[in-house]
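What follows is a single structure, written as structure tokens, with notes after it.
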Number of protein chains: 2
Amino acid sequence: MKLSESEENYIKSIYNLQVKTEKVNTNSLAVFLNTSPASITDMLKKLKSKKLLEYKKYYGFRLNETGNTEALKIIRRHRLWEFFLVAKLGMEWEKVHDIAEELEHVSSPELINRLDAYLGKPKIDPHGDPIPDERGKVVLLKQKPLKDLAMKQNAIVSSVSSQGHEMMEMLNHYGIGIGSQIKVLKSFEFDGSLQIKIARKPECIISGMAAQNIYVYDN
Amino acid sequence: MKLSESEENYIKSIYNLQVKTEKVNTNSLAVFLNTSPASITDMLKKLKSKKLLEYKKYYGFRLNETGNTEALKIIRRHRLWEFFLVAKLGMEWEKVHDIAEELEHVSSPELINRLDAYLGKPKIDPHGDPIPDERGKVVLLKQKPLKDLAMKQNAIVSSVSSQGHEMMEMLNHYGIGIGSQIKVLKSFEFDGSLQIKIARKPECIISGMAAQNIYVYDN
DNA sequence: AAATAAATTTAGACAAATCTAAAAATAATT
DNA sequence: AATTATTTTTAGATTTGTCTAAATTTATTT
Ligand SMILES: [Mn+2]
Ligand SMILES: [Mn+2]
Ligand SMILES: [Mn+2]
Ligand SMILES: [Mn+2]
């Protein structure tokens with residue numbers, strides 16, 4: 001299926017919103033894509049006519065099987081490029097998203113499969129998100145927000161839900177990265193803040209908001 | 001200067017045509033880009049208004065200094081990606097052009113400079129064409145068509161003017177590649193065909209047309 | 001120097017992707 | 001159950017890049 005760059009961006013965004021909500025609605029996609037709701041409706045019509053999604057007017061929409069497959073291809077490209085940019089070109093974690101946002105639209109299957117092999121068929125991207133394989137299969141980590149981690153339990157930082165510059169800055173400050181060993185020492189009920197220990201780093205305290213946006217898996 | 005993908009394709013094509021002719025004309029660019037002459041005129045107006053070229057109606061056009069600089073940036077990206085695809089991903093010479101045609105439009109300077117460094121700041125692309133450096137400087141080889149090479153003179157194949165599948169097939173058949181050592185043993189005036197010797201390959205005869213499209217430099 | 005041919009530009013149309021403002025449908029309150 | 005608020009869709013424009021067909025300009029022949 002040949003898709004325009006815009007169509008691809010919409011499909012990928014719908015996929016990402018779908019993870020959280022059953023049905024996606026016009027306004028949330030408009031906010032996510034930073035466009036007007038009218039533009040969303042226009043594109044929904046097109047995607048529906050291309051049989052990529054289920055869409056009942058006024059009642060939200062959702063990718064169908066075909067749409068999902070397409071979304072996973074785009075996400076695969078996006079995350080492989082992010083991996084490349086960090087692992088091979090040594091770019092910073094926070095800068096790679098925007099570049100991958102463009103690279104993901106170059107859609108030669110041979111290119112992507114060779115890139116995949118060249119990178120050693122990586123399973124997770126620099127933000128800790130899983131990279132779909134050639135058949136569109138993703139290995140989901142059993143991760144949870146740091147705030148739900150049991151006290152004194154050893155865990156590994158697996159991903160962060162916000163991947164912008166601000167998050168990066170904070171993580172760098174605390175010396176937290178994807179793969180860091182982490183343990184919660186104390187939790188303050190008042191504001192949800194946590195006292196934590198990162199392996200080979202001094203103890204520190206992070207906010208409840210941070211604790212909600214950092215994901216870990218049990219070790 | 002922020003340029004659309006189309007504008008970039010036009011600029012790059014004009015640059016490439018300029019190498020051969022003093023002024024570029026509407027029809028040749030239309031043929032080159034496989035579009036209608038009317039579309040060319042439309043785009044020329046836009047590029048002129050963006051002060052990227054000199055254009056006198058009915059009398060042809062030419063990139064100005066700014067246009068040239070932009071063209072060289074696009075060509076740099078194109079050729080670096082081609083180099084990457086062949087050198088790192090092991091793709092074939094004939095397949096990389098179309099992919100680079102898309103990759104070249106991803107225009108993060110940091111990306112390109114890191115890619116350049118990662119590749120070891122290569123000077124020529126897989127087709128033998130020079131890669132402009134960060135400042136837009138190109139090192140031009142003193143090359144000439146094989147048909148103009150003196151008899152029995154040792155030379156190196158430096159580039160080929162046609163880079164499609166057909167050329168690739170023929171070169172592969174004869175065992176000719178960029179960098180091959182070559183010598184002309186005999187020239188047949190009747191049709192311009194040449195008897196040649198490639199280092200470590202059997203002698204063979206190539207057509208006058210081939211001899212015109214394979215470039216070499218003296219050794 | 002006309003007449004004819006070739007190249008180029010203009011006029012007008014169209015598809016894609018977006019927008020704003022107005023209308024319509026659905027949801028939430030009183 | 002009305003009224004009000006929110007969400008979503010439609011109507012109508014706009015920009016970009018393209019096209020065909022007609023008009024215009026330049027080049028080439030006779
Ligand atoms: Mn994108
Ligand atoms: Mn990512
Ligand atoms: Mn291109
Ligand atoms: Mn090349």
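In this text, all values refer to a predicted model and were calculated from it rather than measured experimentally.
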Handout entry: Nucleic acid contacts - residues 3-22 of chain A versus DNA chain D, non-hydrogen atoms under 4.0 Å
Key =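 Nothing qualifies; none.
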Exercise for the section: Please identify each residue that fulfils side-chain contact (heavy atoms from CB on, under 4.5 Å) with T66(A), with sequence neighbours left out. Expected result: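 In terms of side-chain contact (heavy atoms from CB on, under 4.5 Å), with neighbours along the sequence ignored, T66(A) is linked to M1(A), L52(A), N64(A).
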Exercise for the section: Please list, chain by chain and in numerical order, all residues satisfying side-chain contact (heavy atoms from CB on, under 4.5 Å) with N16(B), sequence neighbours excluded. Expected result: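 N16(B) satisfies side-chain contact (heavy atoms from CB on, under 4.5 Å) with K12(B), F32(B), I75(B), R79(B) only.
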Exercise for the section: Summarise protein proximity over nucleotides 1-9 of chain D in one line of letters, 5' to 3': B for base, S for sugar-phosphate only, - for none, counting protein heavy atoms closer than 4.0 Å. Expected result: ------SBB
Filtered N/O pairs between nucleotides 1-3 of chain C and protein, under 3.5 Å:
none

Ring pair (Phe, Tyr, Trp, His ring centres under 6.0 Å) with [X]: which residues, sequence neighbours excluded?
{"X": "F83(B)", "answer": "none"}
{"X": "H97(B)", "answer": "H78(B)"}
{"X": "H105(B)", "answer": "none"}

Handout entry: Residue pairs involving residues 136-146 of chain A (criterion salt bridge (charged side-chain N to carboxylate O under 4.0 Å, His left out); sequence neighbours excluded)
Key =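 Sorted result for residues 136-146 of chain A: K144(A)-D218(A).
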Problem - salt bridge (charged side-chain N to carboxylate O under 4.0 Å, His left out) pairs, two or more places apart, involving residues 81-98 of chain B - result: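 For residues 81-98 of chain B, and leaving out neighbouring residues, the salt bridge (charged side-chain N to carboxylate O under 4.0 Å, His left out) pairs sorted by first residue read E110(A)-K95(B).
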Exercise for the section: Would you mind checking if E134(A) and R76(A) are paired as a salt bridge, meaning a charged N to carboxylate O distance below 4.0 Å? Expected result: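 Salt bridge between R76(A) and E134(A), a charged N being under 4.0 Å from a carboxylate O: no.
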Handout entry: Carboxylate-amine/guanidinium contact E7(B) K50(B), below 4.0 Å
Key =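 Yes, charged N to carboxylate O under 4.0 Å.
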Practice task
Kindly write out the residues that satisfy side chain to side chain donor-acceptor pair (under 3.5 Å) with T35(A), not counting sequence neighbours, or none if the list is empty.
Solution key: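 T35(A): no side chain to side chain donor-acceptor pair (under 3.5 Å) contacts found.
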Check the interface with nucleotides 4-6 of chain C: list each N/O to N/O pair with the protein under 3.5 Å, or write none.
none

Practice task
Tell me whether the OP1 or OP2 atom of dT18(C) has a side-chain N or O from S36(A) closer than 4.0 Å.
Solution key: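 So the side chain of S36(A) is outside the cut-off, no N or O lying under 4.0 Å from OP1 or OP2 of dT18(C).
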